[in-house]
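Treat the numbers as computed from the prediction; the structure is a model and nothing was measured. Numbered from 1 within each chain, the chains take letters A, B, ... in sequence-line order.
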Amino acid sequence: MSTTTWAWLVLAFPLAGTILIGLGHKRLARGPAGAIGTLAILLAFASAVASLISLQGQDEHHRQLTSSLWDYAVSGSIDARLAILVDPLSVFMMLVVTGVSTLIHLYSISYMKSDRGNARYFAYLNFFVFSMLVLVLAANFLLLIVGWAFVGAASYLLISFWYRRDTATKAGIKAFVINVVGDVGLVLGTFFILRYSGTLDFLGTFEAVRAGAFDAHEGALVAGCLLLLVGAFAKSAQLPFHTWLPDAMEGPTPVSSLIHAATMVTAGVYLISRMFPLFEAAPAAANVGAIVGCATLLVAGTIALTQTDIKRVIAYSTMSQIGYMIMGVSAGAYAAGLFHLMTHAFFKALLFMAAGSIIGAMAGAQSLDKMSGFKRAMPFTFGCFVVGGLALSGVPPFSGFFSKDEILAMVGAREGWFTVLYVVGYIGAFLTGIYTWRMIFRAFFNRPCPEAVELEHGHIAHAEYPTNPANGEREDTEVGFPGPEHVIADREQPMKIAMGLLAIGATILGVLQIPFVTHVITDFLEPTFADSKYVHLHASDGMIWFGMILGTVVALAGIAIAYHIWVRKPGTAAALQARFGWLHRFLVNKWYFDELIDFLIVRPWAAAGTFFRTWFEPRVVDGLFIGGATGIVRAGSAVVRTLQSGFLRYYAALLLLGGGAVVLYFLIASS
Amino acid sequence: MTSALVTAAVRTPHIDVAGLSPLIALAVGGMLALLVGIFLGRSARNVTPLISLLAIAASIGLSIWQFGEGKSVVADALAIDDLTLTLNFVLCATGIAAILLSWRSRAASVAGHPEYYALMMLSLLGMLVLVGSQNLVTLFIGFELLSIPLYVLCAAEFRKEGSLESGLKYLIVGSVGSATLLYGLALIYGATGSTDFAGIDRALAGGINGDVLLLSGIGLTLVGLAFKASVAPFHQWTPDVYEGAPTPVTAFMAVATKVAAFGVLLRLFDTALVNAQLDWAPIVAALAAITIVVGNVGALSQVSLKRMLAYSGVAQAGYLLCGLVVGTQLGVKATVFYLAVYCAMNVAAFAVVIARERASEYGDELPAFAGLGRSNPLMAWPMTIALLGLAGIPATAGFIGKFYLIDALVDGGYAWLGIVLVVGSMISLGYYLRVIAAMWMGERSGDVTPVRTAAPAPAGGSAGTPPVMAGGSQEADAELARSSKLEPEVVGVAWIATAVVLFFGIIPSPLFELAGKAGSVFTGIF
């Protein structure tokens with residue numbers, strides 16, 4: 001089979017899974033739904049591997065294949081096709097998405113087993129994977145937008161999955177609204193670009209850019225790229241569109257792991273890499289991307305220091321890591337950014353899964369304040385957490401070390417003001433070490449909490465009655481809540497397998513890109529990025545060595561400080577908090593971004609809304625427009641009905657009258 | 001000398017039988033249906049529609065054979081080109097639908113099956129002649145050949161007062177229309193000295209210089225044809241005739257007549273009178289705007305679905321005129337595209353109306369459709385999709401068609417008319433959605449009081465129980481059983497037409513290509 005046929009199959013399996021589980025959800029609840037969902041994604045992964053093998057069999061210069069299933073509307077300036085583009089970049093994304101998704105589906109089989117919405121969950125999850133694959137395989141803007149919007153919808157459905165929780169539905173709405181802002185950006189950006197490129201097709205657009213379609217319209221290209229960035233920022237939770245991501249942690253933990261860590265939120269990184277010819281032709285937009293990415297990684301890192309909800313800590317860490325990727329791909333370090341995307345998918349999914357396991361042991365509670373001393377009670381989870389933590393904070397030889405350092409080295413190699421980004425990147429790495437290990441030390445070290453003690457005696461703690469971890473409200477247990485049972489990885493084979501595989505990946509994937517030794521990812525992606533003007537951008541040997549040493553030192557320093565504060569002298573944190581109360585408040589309140597958005601956007605609109613509802617609508621809209629328009633229509637209707645008397649003589653008269661009018665017009669026109 | 005005389009006598013005009021074959025098939029089919037009736041008596045009931053279907057199928061087949069030939073036959077009086085043949089596909093398809101819908105109708109048996117189907121075939125033949133005509137005389141022959149059988153068909157159910165009234169009204173008002181048309185044609189001939197479209201075009205090549213005779217002729221011709229296409233203010237017969245006529249005939253008139261009228265309007269105005277485009281375009285645009293407004297506003301308060309569809313047909317005629325106004329190939333293509341989808345949408349809607357009329361005591365009135373979504377989804381879906389298509393909702397072919405028309409309008413410098421079209425579509429939602437709402441949200445109305453249940457189902461959720469069926473009483477069940485007896489051919493027509501609407505809404509390119517070929521036959525416009 002050809003490469004593209006395999007790629008179509010990659011799309012087909014998750015879609016089939018969605019439809020099958022969706023239609024048969026009554027019969028398939030519990031066991032079969034999870035198995036079918038996992039199998040569908042596994043088959044998609046197998047097809048992705050097949051398309052990889054098939055693509056590598058092609059000549060190096062012919063690794064950009066498109067395939068069109070049908071033409072929706074092809075006329076003049078519109079070429080809307082259901083077409084996919086299979087090139088190293090999309091195959092790379094396909095492999096990451098399907099690979100990680102398979103493991104997360106597997107994990108979910110155990111994690112969601114007592115949830116009554118089990119089948120619904122797997123139908124949504126398969127739909128998400130399908131949408132994400134549409135997004136990465138799209139060969140034109142139209143299909144990209146479709147995938148982009150589908151992914152947003154899937155994210156909404158899964159965040160609000162436990163729909164009896166107020167907090168979950170609100171978080172879902174927030175995520176959806178912000179994502180739609182991004183969708184609008186993407187659509188408008190597409191219009192700007194389509195206007196002068198004359199095609200929706202990616203390769204055609206790039207060709208047009210190279211041919212100079214935008215030479216006289218650079219402003220349009222910059223505006224278009226900035227609007228694309230709005231889409232990318234919203235999807236990837238970058239400043240100032242990031243506030244939805246922490247709230248999105250209301251979804252089930254595997255969802256956080258898959259959508260809000262490993263795959264969907266990296267869509268922005270993919271978009272910028274995919275559109276690299278545009279961004280390279282509009283450096284102003286690319287610079288905005290790099291700066292925003294850098295700002296996000298710093299801001300998110302500082303916020304993560306003070307959060308107490310374990311999932312939110314990881315969520316801010318995700319924002320921060322995506323900041324690195326966005327900064328990297330905006331600065332021209334495409335292979336490095338995508339390499340980090342891959343390693344991050346592994347270790348962040350792993351961390352979320354491990355967090356899910358602790359939450360299980362805590363009977364649903366998520367606050368770090370309540371957790372401590374789980375080291376002995378859950379050795380497997382602890383091991384996974386440590387591996388993930390080491391990879392995240394960038395300690396050699398774990399995968400995160402190589403990928404993060406490569407981004408920073410490339411950014412540093414751009415010189416000029418990029419040096420500032422380079423320095424901030426290392427500050428961020430230092431913060432990463434602190435907040436990651438703060439979480440680990442608080443959850444696993446020190447005196448065991450009651451739940452940990454109970455678990456050491458072989459029982460998983462159960463709350464007296466289920467509560468919503470976000471606000472402590474008593475849970476409505478009928479439908480739309482996690483279910484009465486709690487699961488931990490140490491006792492569930494599927495969870496163990498999934499986490500074990502991810503832990504191995506998080507540990508060893510660095511070997512793909514060891515400086516001076518291997519460059520598998522760069523070579524593989526080369527056909528896609530061959531025309532990039534940064535293709536020869538390399539850091540000097542000295543800089544690479546310096547970066548690696550600095551990265552190691554910074555990460556270890558961060559871990560050491562965390563150890564000092566939260567294990568050696570547990571009172572330090574409280575003392576710091578008292579000494580720097582204002583800073584703590586500032587960070588706990590997440591730099592007051594929610595309040596700022598509330599003040600700048602929500603309140604004015606709400607006020608405008610109130611004004612329109614109480615004054616404008618009843619008087620102007622209802623009174624003038626609706627009243628007027630319906631009045632006119634009604635009056636018109638009455639006139640038409642009156643004329644429609646049923647008597648022939650009137651009809652004939654009107655016919656002659658009308659005919660007379662027409663002829664009269666011609667006569668007047670002729671004179 | 002004698003030998004010369006003999007050769008002269010033997011020299012017959014060349015008749016292109018191949019080119020005429022789609023017409024011959026229809027004519028022979030009509031004759032056969034009549035003749036068979038003489039010999040068969042009662043069993044003609046099933047044989048004559050079959051013969052008609054075969055003849056139409058033959059006409060379609062012969063059209064496919066002739067497609068792309070681009071001939072002018074009968075001393076250039078008839079054009080058998082891609083436009084004619086494309087419209088013939090549409091006409092024949094609606095003809096097949098009309099015959100299937102008539103199969104068990106009372107009208108056909110009251111009027112006598114052979115006569116009924118023969119008249120329908122002859123009317124179809126007239127339409128084909130009309131869309132192919134490129135001579136004023138052929139035009140008028142086609143016009144009358146299409147009209148006269150329809151006058152009779154409207155009165156086919158002659159034991160019903162409404163049907164008789166409808167036929168009579170149509171005859172009288174139609175005669176006024178025909179007279180106007182004929183007068184207009186005569187004036188055009190007088191002004192240009194030619195009945196041939198090409199000849200008229202040549203005569204007008206030097207501009208028209210305010211020729212009163214010609215302009216009056218164009219005006220009267222426009223009125224005559226606008227009458228047939230139910231363009232306001234010449235639409236008044238439409239609701240009355242549609243309502244009174246037997247519904248299968250109404251369906252046939254609503255779709256096929258419109259195709260024929262627009263086919264000839266396009267050919268006459270875009271070939272013969274194309275040089276006078278600057279003179280006729282403003283008044284056509286004004287007519288289009290008036291038609292859109294009058295049709296949509298008039299439809300708002302109708303209770304009878306047939307009347308509503310009549311007004312909706314008036315509004316749709318306004319949309320179709322938009323493609324004529326611009327006088328470009330894009331306009332022709334858009335019109336042909338919209339004609340095809342218009343036919344599919346209306347056939348689906350009328351098929352459902354026919355099914356309801358035969359099943360419900362309310363006839364074609366709105367209450368007959370209340371709660372149809374629950375009691376009979378097989379009929380509610382085609383109606384829903386057809387109405388959504390007529391309103392121009394995306395994913396239906398109606399949306400693509402309107403989009404195409406607006407594209408043509410903007411391209412031709414008539415953006416304001418595009419706005420009128422959109423506003424008209426907005427108003428149209430008011431009456432289309434009313435029917436859809438009645439079907440899906442309305443309670444089944446009847447003599448039983450419906451049992452009101454807690455209507456909103458528990459918010460979402462996999463575990464929610466399905467809402468209790470409203471009106472779950474014996475009487476309601478009995479009526480349900482009665483209305484669920486569906487004639488397969490009616491269901492088939494409704495669903496095939498619906499499938500067409502959806503198919504071309506999602507994959508419009510095949511129809512685009514066909515319309516593109518049809519639109520390319522006029523070489524005088526761009």
Report task. Output, in order, the C-alpha distance, side-chain angles, deciding distance and verdict of side chain to side chain contact (heavy atoms under 4.5 Å, CB included) for Val223(B) and Val663(A). Result -> CA-CA 9 Å; Val223(B) 171; Val663(A) 173; 5.5 Å; no
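Heavy-atom minimum distance, Gly658(A) versus Pro233(B): CA-CG, 4.1 Å. Here the closest heavy-atom approach between residue Phe227(B) and residue Leu655(A) is recorded as CD1-CD1, 3.7 Å. Here the closest non-hydrogen pair linking Val662(A) and Phe234(B) is CG2-CZ, 4.1 Å. Heavy-atom minimum distance, Ile218(B) versus Phe666(A): CG2-CZ, 3.9 Å.
For Ile506(B), the parts lying near chain A are the backbone and the side chain together; criterion is any non-hydrogen pair under 4.5 Å. Looking at Leu222(B), the atoms closer than 4.5 Å to chain A (heavy atoms on both sides) all sit in the side chain, from C-beta outward. With a 4.5 angstrom heavy-atom cutoff, Leu220(B) touches chain A via backbone and side-chain atoms both.
Interface check for chain A: of the options Leu300(B), Ile290(B), Val173(B), Asp240(B), the most heavy-atom pairs under 4.5 Å are formed by Asp240(B).
Taking CG from Leu664(A) and CD1 from Ile283(B), the interatomic distance works out to 9.5 Å, rounded to the nearest 0.5 Å.
Counted within 6.0 Å of CZ on Phe403(B), heavy atoms from surrounding residues, nucleotides or ligands total 12 or fewer; the atom is thus considered open.
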